[in-house]
Structure formats: structure tokens, C-alpha cells
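The structure appears below as C-alpha cells.
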Amino acid sequence: MKKTVMIVFLLVLFIISTGCSVSDPVISSLPDYNSRVFYTSGGFQDYTDYAKYTYKSISAQDFEASKYFCEVSADDIEEILIYIDNYEEWVETIGSELKNNYDFDKSVISEGDFFYTQTSSDNSANNKFADYTIYYFDSDAKILYYFHNNI
């Protein structure tokens, strides 16, 4: 009996450990990053994430080769800021580790950088901000910012 319980326990542990290592296809579409910091707040269904991926060597061609990213135009800046403003409201509301480590400066948003916006198909016109992810690459600092909100 003990042997069976131990085998089941090890099997469950293996399934959990391998099932949680999900790769992000957007990040995987780019060259390897040099460092990453990641912060999260919330629970199973409602959560907010923030990450920064730092690159030493990445080019506009790398983003153009990715099927996800677009170059920021003057028309895109307002839409990006709308999402970031909403995100920052949640960071203030949630507080905790995320608020203490959130350091994105909206003044870096400019033409010539790259971004990708991903929204849930369940988002209705009444709740545009129910579940979204923004990837924003600051070309000057070579940092890819990741904002995810699922509230």
C-alpha cells in the first residue's frame, strides 16, 4: 500500500512539474534574452503579471521576423497608453510585490519601438480590459516589457 501511494505521489508531482513549464510563444519568437524579472499578483483566475526581458543583442529584423510584433506608429501610441493606464490602475489597486516592483515609464513609448497586443476573444465591447496582454519593446533600452491582466 505504501509503495502504491508513493508511486501515485511521484506521478502527480511529475505531472505538476512538467505541466507548469509552459513556454510563451511570443517570447519564443524572439532571440534568447539575457535576463528576466517577473512579478505577479492575484490568484488562480484573477491575476496581474509584469515582466521585463533584457536583451544585449536584438534588432528590428528580429521583430519583423516574428509573426507577432508591429512597429509602433503615431496612431498606436494612444491605444498602447489606454491599456497601460488601465494596467497601472490595477497595479495600484492590487498593491503587494507587483506595486513595489512596477517601474515602467510611459514616456519611453515612442514611434519605432515594437509592440504586440493580445486580448481574449471573450472581451466584449463593454469590458475591453477583462483579459489582455501587452508586449512592449523599448528599442533604446533593449527591454521587452510584458503586461498581463486577467481580472
Side-chain angles (χ1 to χ4, degrees), residues 11-94 96-151:
L11 184 60
V12 168
L13 188 60
F14 174 75
I15 291 170
I16 290 172
S17 67
T18 57
C20 293
S21 60
V22 176
S23 175
D24 182 331
V26 177
I27 300 297
S28 297
S29 75
L30 298 171
D32 292 338
Y33 52 86
N34 293 77
S35 66
R36 176 188 90 139
V37 293
F38 183 86
Y39 305 101
T40 190
S41 181
F44 176 67
Q45 287 185 319
D46 296 335
Y47 58 94
T48 302
D49 302 322
Y50 173 66
K52 295 188 316 186
Y53 298 84
T54 304
Y55 293 83
K56 283 187 181 173
S57 178
I58 194 167
S59 67
Q61 290 79 17
D62 293 320
F63 286 96
E64 291 164 3
S66 168
K67 66 180 182 178
Y68 298 102
F69 290 90
C70 297
E71 188 170 344
V72 176
S73 69
D75 295 337
D76 298 321
I77 292 173
E78 183 179 339
E79 182 72 9
I80 294 168
L81 285 171
I82 289 170
Y83 277 100
I84 299 299
D85 287 342
N86 176 270
Y87 183 85
E88 289 180 348
E89 288 175 18
W90 281 108
V91 168
E92 284 296 318
T93 301
I94 292 169
S96 75
E97 176 188 47
L98 185 61
K99 181 179 177 180
N100 294 338
N101 292 288
Y102 180 77
D103 61 354
F104 183 72
D105 178 2
K106 293 186 285 193
S107 70
V108 305
I109 297 175
S110 61
E111 292 180 57
D113 287 343
F114 293 89
F115 79 104
Y116 172 62
T117 304
Q118 181 180 31
T119 59
S120 170
S121 60
D122 295 340
N123 289 7
S124 67
N126 295 336
N127 198 1
K128 176 179 181 174
F129 304 109
D131 182 6
Y132 62 90
T133 303
I134 305 293
Y135 297 83
Y136 186 84
F137 182 73
D138 177 10
S139 299
D140 294 329
K142 292 195 179 349
I143 296 175
L144 176 64
Y145 294 91
Y146 167 84
F147 310 88
H148 177 76
N149 200 28
N150 183 21
I151 302 293

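Basis for what follows: all heavy atoms, side chains included, without hydrogens, waters or symmetry-related copies.
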Measure the spacing between CG of Asp138 and CZ of Phe115 and express it to the nearest 0.5 Å.
14.5 Å

Criterion side chain to side chain contact (heavy atoms under 4.5 Å, CB included) on Leu144 and Ile27, from CA distance to verdict:
CA-CA 9 Å; Leu144 176 64; Ile27 300 297; 3.4 Å; yes

Which of parallel (below 30°), tilted (30 to 60°) and perpendicular (above 60°) describes Phe104 and Tyr102?
tilted

List the atom of Ile58, the atom of Pro31, and the distance in Å for their closest heavy-atom pair.
CD1-CD, 3.9 Å

Exactly one of Tyr145, Tyr136, Tyr33 should register a ring-ring contact (aromatic ring centres under 6.0 Å, His included) with Tyr53. Which one does?
Tyr33

Whether the Asp75 and Ser73 side chains hold a donor-acceptor pair (N or O, under 3.5 Å, no angle test) is what I'd like checked.
no

Distance, nearest 0.5 Å, that separates CD1 of Ile94 from OG1 of Thr48
3.0 Å

Roughly how far apart are Lys106 NZ and Ile80 CD1, rounded to 0.5 Å?
13.0 Å

Any side-chain heavy atom of Asn101 within less than 4.5 Å of one from Val37?
no

Residues in ring-ring contact (aromatic ring centres under 6.0 Å, His included) contact with Phe38, at least two apart in sequence or another chain
none

For Tyr146, all residues meeting ring-ring contact (aromatic ring centres under 6.0 Å, His included), sequence neighbours excluded
Tyr135

Kindly indicate, with the supporting measurements, whether the criterion ring-ring contact (aromatic ring centres under 6.0 Å, His included) is fulfilled by Phe147 and Tyr50.
CA-CA 5 Å; Phe147 310 88; Tyr50 173 66; 5.8 Å; yes

One should read off an interatomic distance between Asp105 CG and Ile84 CD1, to the nearest 0.5 angstrom, of 11.5 Å

Ignoring hydrogens and geometry, is there a side-chain-to-backbone donor-acceptor pair from Asn86 to Tyr83 under 3.5 Å?
no

Rounded to the nearest 0.5 Å, how far does OG1 of Thr119 lie from CG of Asp131?
8.5 Å

With Ser139, which residues qualify under side-chain contact (heavy atoms from CB on, under 4.5 Å), at least two apart?
Asp113, Phe114, Phe137

Under the criterion side chain to side chain contact (heavy atoms under 4.5 Å, CB included), I'd like the reasoning laid out for Val26 against Tyr116: C-alpha separation, chi angles, the key distance, then a yes or no.
CA-CA 9 Å; Val26 177; Tyr116 172 62; 3.7 Å; yes

Provide the closest heavy-atom pair for Glu71 versus Asp76 in the form atom of the first, atom of the second, distance.
O-OD2, 3.5 Å

Side chain to side chain, Glu111 and Ile77, heavy atoms closer than 4.5 Å
yes

Do the side-chain N and O atoms of Tyr68 and Gln118 include a donor-acceptor pair separated by under 3.5 angstrom?
no

Can you tell me if Asp32 has over 12 outside heavy atoms packed within less than 6.0 Å of its CG?
no

Counting C-beta onward and ignoring hydrogens, is there a side-chain heavy-atom pair between Leu30 and Tyr55 closer than 4.5 Å?
yes

Within this structure, what is the NZ-CG distance for the pair Lys52 and Asp103, rounded to the nearest 0.5 Å?
3.5 Å

